[in-house]
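Reading through the structure tokens given below for one structure.
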Amino acid sequence: MKREAFTIQEESNGTIHLWIHTSNESMNVLNQSVLQELDGLLQELAQLRKARILFIRSGKPNVFVSGANIREIEKIQSQLTAKSLVTEGKKVFDKLADLPFPTVAVIDGVCLGGGLELALACRYRIATDNLKTRLGLPEVQLGILPGLGGTQRLPRLIGLQAALPLILSGNPIDARKALRIHLVDAIYHPEYLKWGIETFRKQVLHAPQKILRKRRQSMAALLLEGNPLGRMLIYRTAKKTILTKTGTHYPAPLAALQAVRKGYRRSLQRGMAIESRYFSRLAVSPVSKHLIRLFFTGQQIKKETYSHNLADVQKIQKTAILGAGVMGGTIAWLFNNHSVPVILKDISWKAVAQGFQSCRRAYAYLLKKGKLTPAEVDMRMLRISGQTNYTGFKRCDLVLEAIPEDLRLKKTTLQELELYVAPETIIASNTSALSIDEMASVLRYPNRFLGMHFFNPVNRMPLVEIIPGKQTSASVLASAVQLVKDLGKTPIVVKDSPGFLVNRILLPYLNETTYLLAEGAKAERIDKIMRDFGMPMGPVELLDEIGLDTAGKVVHVFSIQPKTQMESNGLLERILTEKSFLGRKNGLGFYRYRKGKKTGFNEAINLFVREVQYHQHISPRYLPDKEIRERLLYRMVNEAMKCMEEQLVASETLLDLAFIYGTGFPASTGGPLQYTHDLGHGNLLDALQRYQQRFGERFLPCQTLQHERHAQPRYRHAERDGIKSKHTHTH
Ligand code: NAD
């Protein structure tokens, strides 16, 4: 048999090394042909008389096996195919588990999904404490569950309480944690791995009990997991955690829990069959198809360089930030946390000090999680230079401005800044909505300027919109994109247009919220309806979060822009005149806040609601849930389609990912555009037209929808992906 993915190396003492090196670039990936090859090899190995021990090792650096081939899973269209795929894979792993001599997985790098399931089919696992070593079962993050035995072998090996978080969250762990929970039997420094393998070989062959004894669970864990009541408690707690984290929008973690629960006390064979059943249901679910599509979009962004020539990409080694406010302070933290030296400049020392406080707050989270020690945080903070002048700016590769959203102020500050930096220094603006070209117009070297829009809170939001102006050079764009990737964020390149992409789509949603409030819908109800839909917070809460003053100004900017022309009912503008209602930042918005916690509705704001009702002759009414949800959602997705018409971003999937990453729109829907496909464009058009008749032009359907009424639908992704529409198309 021809060997492509594996090599066997035999030693005279009966030690066999099985090396994996699949054809995928830097990773080892399991696909059907690799598993078939392994199957044949295991058959040969089982006959080897002189074999005493088998080590499974990777022929590539920093990876053991990174998982199964997701493209194969994406293509699955029927439950039957899904079931036969995992059943075949399981048979191969069973063969590995049944080999007549001890087997050891040697994990020096990424060991995820199918890779970990392969390791679990071995009798022993050893790992290195290489920083790249990560063990995990990330399947639920793609809407499926570990289908090659992960939900059955893992809890049997390390116990329910240690296994469930790994299976249900999908988050990987490092080698030390793996050793603590007995997922691996030993860890070694990568430099001493050869010695480690030899030592472990001797232990396995001469004193295996010593290794197995270490795996024993504590008495408390045994007592809890060994009785039905204890297990019930564990399952209940796990379910509660899933429901609070993801609601009911993601079926995979709940199904994975069921697979563990139903299979755990049965024979392994029975458990495996149960797992396959749940896997095959999930593999064909729309949620899984959506999550996989988003996963590939993320991969595509990682590869995209925006430059044909790598020499174009300038390495950003020294940076400065203008403005130590809400954004500047935490962006400085982000740079500092990724070892990018940063100067934080403001116009007053008080503001600089506040910026430092924001940095410390961002570090406090890492301290709490035990990722850093207080001394390490202190050391890092010392590397940020706080100042009120331009000293050192000449040596900066990039300066980001995060001063207040005022075009005149930004223009004069940028002109001033240009006097203090080198001609090749990249200058970026963190503006939320102002025109990049307009700002560039005052610069001597406009080709070095672009927008880099970070989202608040910077430490949690993964997205950065990159906005090149008409004159931005390719090398400046490529360098900014690379910097964002180096900072661990996702860069998405967006055209220069009011509100760019995410805010442009979000604004109609917030604007509609003010109409709903004025018509008599209660803030708590609006928020609950959208949280139930899967948004991380309701739109009224979001208004408070953004700040009612800022939101009012942005709505105003949008209302006078020809492209967005968003009529306003005046509610936010009225509140803007009353300076004591700023939202969360001063404890009073639509809700009241005390010590950062929401304490109830702010009754005083009703005065402004009544004013709007009076001026617009509105008599308050009861609005059904469906109407509230549809009006909010449909305005948002209609705007998303308009952004696509204007080609603000290169593809639909990029738009979907950007909006999910920028706002927390539920990934289970696949994003706002995918949502319109699943809903059916005909249905969306009908609903928008109905609302347009009742409420006017703000519900005017986008051109794509209007044209599709008379022509073949342009978007057919849902069908292409084999996803059935929830509703039938009406045309
Ligand atoms: P902020 O008001 O909290 O902070 C601005 C800081 O800039 C203040 O400390 C001010 O003293 C300082 N400043 C003013 N003029 C300066 C100058 N010439 N040189 C140096 N510092 C100067 O503002 P923010 O909320 O951090 O917003 C900053 C920018 O980021 C704006 O363009 C805003 O639109 C954008 N943005 C804000 C958010 C958000 O949620 N706050 C999100 C994304 C983008």
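As the structure is a computational prediction, the values presented were derived from the model and not from experiment. Atoms within a ligand are numbered from 1 in the order they appear, just like the ligands themselves.
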Quick one: look at Q354 and ligand 1, take heavy-atom pairs under 4.0 Å, and tell me if it's side chain, backbone, both or neither.
neither
Atom 10 (C) of ligand 1: which of L409, D406, D346 has the nearest heavy atom?
D346
Option whose closest heavy atom lies nearest to atom 14 (C) of ligand 1, chosen from G323, P404, A402:
P404
For atom 19 (N) of ligand 1, what is the nearest protein heavy atom, given as residue, atom name and distance?
K345 NZ, 3.8 Å
At what distance is the nearest protein heavy atom to atom 16 (C) of ligand 1, and which residue and atom is it?
I403 CG2, 3.5 Å
Are any non-hydrogen side-chain atoms of K585 and L582 less than 4.5 angstrom apart?
yes
Contact region, E416 to ligand 1, non-hydrogen atoms below 4.0 Å, reads neither
Atoms of ligand 1 close to T413 [distance to a heavy atom under 4.0 angstrom, numbered from 1]
18 (N)
Measuring only between side-chain heavy atoms, which start at C-beta, is L322 closer than 4.5 Å to L417?
yes
For ligand 1, which atoms have a heavy atom of K410 less than 4.0 angstrom away?
31 (C), 32 (O)
Per-atom contacts, ligand 1 versus F454 - under 4.0 Å to a heavy atom:
43 (C), 44 (C)
Identity and distance of the protein heavy atom lying nearest atom 37 (C) of ligand 1
M327 CG, 3.3 Å
Verify whether one side chain among D527 and Y591 offers a donor that lies under 3.5 Å from an acceptor in the other.
yes
Strictly inside 4.0 angstrom of atom 23 (O) of ligand 1, do you find any protein heavy atom?
no
Side chains of E573 and S568: donor-acceptor distance under 3.5 Å anywhere?
yes
Going by atom types alone, do N389 and T391 pair a side-chain donor with an acceptor below 3.5 Å?
yes
N430 contact mode with ligand 1 (heavy-atom cut-off under 4.0 Å)
both
Using a 4.0 Å heavy-atom cut-off, say whether S432 meets ligand 1 through its side chain, its backbone, both or neither.
both
Per-atom contacts, ligand 1 versus T431 - under 4.0 Å to a heavy atom:
32 (O)
Which one holds for F455 and ligand 1: side chain close, backbone close, both close, or neither close, with close meaning a heavy atom under 4.0 Å?
neither
Under 4.5 Å between any side-chain heavy atoms of T388 and S348, yes or no?
no
Going by atom types alone, do R635 and N511 pair a side-chain donor with an acceptor below 3.5 Å?
yes
Taking the inter-plane angle between the rings of F581 and F608 on a 0 to 90° scale, is it parallel (under 30°), tilted (30 to 60°) or perpendicular (over 60°)?
perpendicular
Quick one: are V493 and V649 in side-chain contact, heavy atoms under 4.5 Å?
no
Atom 3 (O) of ligand 1: which protein heavy atom is closest, and how many Å away?
V326 N, 3.0 Å
Between K642 and E639, does any side-chain N to carboxylate O distance fall below 4.0 Å?
yes
The protein heavy atom nearest to atom 40 (O) of ligand 1 is N456 ND2, 3.0 Å
Using the benzene-type ring in the case of Trp, are the ring centres of F533 and Y675 under 6.0 Å apart?
yes
If only side-chain N and O atoms count, and only distance matters, is there a donor-acceptor pair under 3.5 Å linking T431 with S429?
no
Quick one: which ligand 1 atoms are inside 4.0 Å of a heavy atom on A351?
9 (O)
Kindly confirm or rule out an N or O of G328 lying under 3.5 angstrom from an N or O of ligand 1.
no
Which ligand 1 atoms are under 4.0 Å away from a heavy-atom of H453?
43 (C), 44 (C)
In terms of relative ring orientation, are Y420 and Y390 parallel, tilted or perpendicular, with 30° and 60° separating the classes?
parallel
I need the nearest protein heavy-atom contact for atom 4 (O) of ligand 1: residue, atom name and distance, please.
G325 CA, 3.2 Å
